[in-house]
Amino acid sequence: MGTVFLLGDSTCATKMPNAWPEAGWGMCFAPFLAWGWRLDNRAVNGLSSRLALSGGVFERLASSLSSGDWVVIQFGHNEDKPDEARHTWPWTTYGENLAYMITRIRMKGAFPVLLSSIERRRFREGKAYDTLGEYPWAMAAVAVRLGVPFFDLTTPTLHLLDALGEEASRRLFNQGIWPNYPDGVEDNTHLSLYGAECIAGMAARLLSSLPFINSDMR
């Protein structure tokens with residue numbers, strides 16, 4: 001038993017009340033943990049793998065690790081941002097950053113897990129399409145090379161969007177008129193609470209072979 005850490009970006013992060021009803025899937029993940037495990041969500045809005053290292057987010061997480069803990073890493077949404085502080089290339093700097101994190105986590109006696117990013121809500125001629133480029137598959141390649149569990153959350157979220165269709169899929173995301181958004185919001189990246197609950201359940205089912213997930217998910 002121990003702690004499950006989440007490390008990622010705004011799609012996973014815990015949100016402040018002034019962002020409601022925007023939610024990150026990490027906010028809804030704790031109920032899927034097995035007895036004796038606790039959740040520590042270190043995901044941060046705007047974070048990329050590069051910024052996680054240079055900004056100290058990862059080092060603070062590493063200093064909190066105990067032997068037997070698990071770290072679920074999910075980056076992808078901010079890796080292709082143009083600013084130098086965040087940008088990485090999928091087959092070089094992105095993979096290098098992930099490899100460094102994996103090494104540091106293992107040095108602490110903890111276990112890394114790689115989870116590819118959720119898809120954005122983007123449609124073309126009625127079909128949902130990929131927006132994350134090569135980052136999910138670069139992550140998968142790192143997992144193979146270093147012997148780390150990898151779980152593809154990109155593909156099933158894309159399929160979910162496609163199955164729901166352009167209109168029904170809006171419910172998964174932070175859209176509509178709310179007290180925090182009196183002029184309305186149409187956000188196709190960040191989740192609603194309903195969407196966060198759906199994605200948390202999807203992630204738990206993917207990770208169900210790991211010891212920290214409730215056996216009911218297996």
Side-chain angles (χ1 to χ4, degrees), residues 4-16 18-30 39-62 64 70-90 93-102 105 112-122 130-140 142-143 150-158 160-161 172-174 185 187-193 195-200 202-204 206-207:
V4 178
F5 291 86
L6 303 180
L7 180 63
D9 55 41
S10 56
T11 61
C12 179
T14 299
K15 307 298 178 175
M16 300 298 290
N18 62 2
W20 180 262
E22 183 183 318
W25 67 263
M27 299 168 64
C28 304
F29 194 63
L39 184 69
D40 190 335
N41 187 358
R42 300 293 183 96
V44 177
N45 290 357
L47 207 62
S48 71
S49 63
R50 181 175 185 177
L51 191 57
L53 294 176
S54 65
V57 173
F58 176 75
E59 287 304 319
R60 288 190 290 274
L61 184 155
S64 301
W70 289 77
V71 183
V72 179
I73 301 171
Q74 182 181 70
F75 288 114
H77 276 270
N78 298 307
E79 301 299 320
D80 65 349
K81 293 291 192 288
D83 55 291
E84 186 177 352
R86 293 187 290 179
H87 185 81
T88 65
W89 298 99
T93 47
Y94 178 57
E96 291 162 7
N97 293 343
L98 294 176
Y100 174 81
M101 294 178 190
I102 289 165
I105 291 165
V113 179
L114 298 180
L115 179 69
S116 66
S117 295
I118 68 169
E119 264 297 352
R120 300 178 179 94
R121 180 182 168 273
R122 296 285 192 277
D130 163 63
T131 69
L132 295 167
E134 296 182 318
Y135 290 98
W137 321 126
M139 175 181 273
V142 171
F150 168 77
F151 298 90
D152 174 16
L153 189 55
T154 306
T155 302
T157 52
L158 181 64
L160 175 62
L161 292 171
L172 296 171
F173 292 86
N174 183 24
V185 60
D187 188 334
N188 294 303
T189 297
H190 300 106
L191 300 165
S192 64
L193 180 59
E197 290 171 341
C198 289
I199 299 301
M202 186 178 292
L206 283 175
L207 301 173

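- Within the 3.5 Å criterion, the main-chain N or O of Ser10 finds a donor-acceptor partner in the side chain of Lys15.
- Side-chain atoms of Ser192 do not come within 3.5 Å of backbone N or O of Asn174 as any donor-acceptor pair.
- The line from CD of Glu134 to CH2 of Trp89 is 11.0 Å long, rounded to the nearest 0.5 Å.
- Considering NZ of Lys81 and CG of Leu51, their distance stands at 12.0 Å, rounded to 0.5 Å.
- A search for ring pair (Phe, Tyr, Trp, His ring centres under 6.0 Å) contacts involving Phe29 returns Trp25, not counting sequence neighbours.
- Taking every heavy atom of both residues into account, Asn188 and Arg122 meet most closely at CB-NH1, 3.2 Å.
- When all heavy atoms of Gly26 and Leu39 are compared, the closest pair comes out as O-CD2, 3.4 Å.
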With side-chain hydrogen bond (donor to acceptor under 3.5 Å, both in side chains) as the criterion, how do Thr131 and Arg120 come out once you've worked through the C-alpha distance, each side chain's angles and the decisive distance to 0.1 Å? CA-CA 7 Å; Thr131 69; Arg120 300 178 179 94; 3.0 Å; yes

As a quick check of understanding, evaluate side-chain contact (heavy atoms from CB on, under 4.5 Å) for His77 and Tyr135, giving each step before the final call. CA-CA 9 Å; His77 276 270; Tyr135 290 98; over 6 Å; no

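- Annotation: the span from Leu7 atom CG to Leu115 atom CG amounts to 11.5 Å, rounded to 0.5 Å.
- You'll find the side chain of Leu53 reaches within 4.5 Å of the side chain of Met101, heavy atoms only.
- Distance check, rounded to the nearest 0.5 Å: CG of Leu6 to CD1 of Ile73 gives 10.5 Å.
- The minimum heavy-atom distance linking Asn78 with Leu47 is given by the pair ND2-O, 2.8 Å.
- For the residue pair Arg121 and Leu161, the shortest heavy atom distance occurs at CA-CD1, 4.0 Å.
- The two residues Ala23 and Ala196 make their nearest non-hydrogen contact at CB-CB, 3.8 Å.
- Judged by distance alone, the side chain of His87 and the main-chain N or O of Ser48 form no donor-acceptor pair under 3.5 Å.
- Side-chain contact between Cys198 and Leu172 is present, with at least one heavy-atom pair separated by less than 4.5 Å.
- Side-chain contact between Val142 and Phe150: absent, with no pair of heavy atoms (C-beta onward) separated by less than 4.5 Å.
- The backbone N or O of Ser49 sits less than 3.5 Å from a side-chain atom of Glu79, completing a donor-acceptor pair.
- Contact of the Met202 side chain with the Leu153 side chain is registered, since non-hydrogen atoms from C-beta on lie closer than 4.5 Å.
- Of the possible polar contacts, one joining the Ser116 side chain to the Thr154 backbone as a donor-acceptor pair under 3.5 Å is found.
- Residues Arg86 and Gly46 share a closest heavy-atom pair of CD-O, 3.0 Å.
- Between Val72 and Phe5 the shortest side-chain heavy-atom distance does not fall below 4.5 Å.
- Under a cut-off of 6.0 angstrom, the local environment of CH2 in Trp137 is crowded, with over 12 non-hydrogen atoms contributed by other residues, nucleotides or ligands.
- No side-chain heavy atom of Ile199 sits less than 4.5 Å from a side-chain heavy atom of Cys28.
- In this structure, the separation between OG1 on Thr155 and CG on Leu160 is 12.5 Å, given to the nearest 0.5 Å.
- Here the straight-line distance linking atom CG of Asn45 with atom NE2 of His190 works out to 6.0 Å at 0.5 Å rounding.
- Side-chain atoms of Thr189 and Thr11, non-hydrogen and from C-beta on, do get closer than 4.5 Å to each other.
- Using a 4.5 Å heavy-atom threshold, the side chains of Phe58 and Ile105 count as touching.
- The backbone N or O of Glu119 sits less than 3.5 Å from a side-chain atom of Thr157, completing a donor-acceptor pair.
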After noting the C-alpha distance and the side-chain angles of Arg50 and Glu84, does the key distance pass the side-chain contact (heavy atoms from CB on, under 4.5 Å) rule? CA-CA 9 Å; Arg50 181 175 185 177; Glu84 186 177 352; 3.8 Å; yes

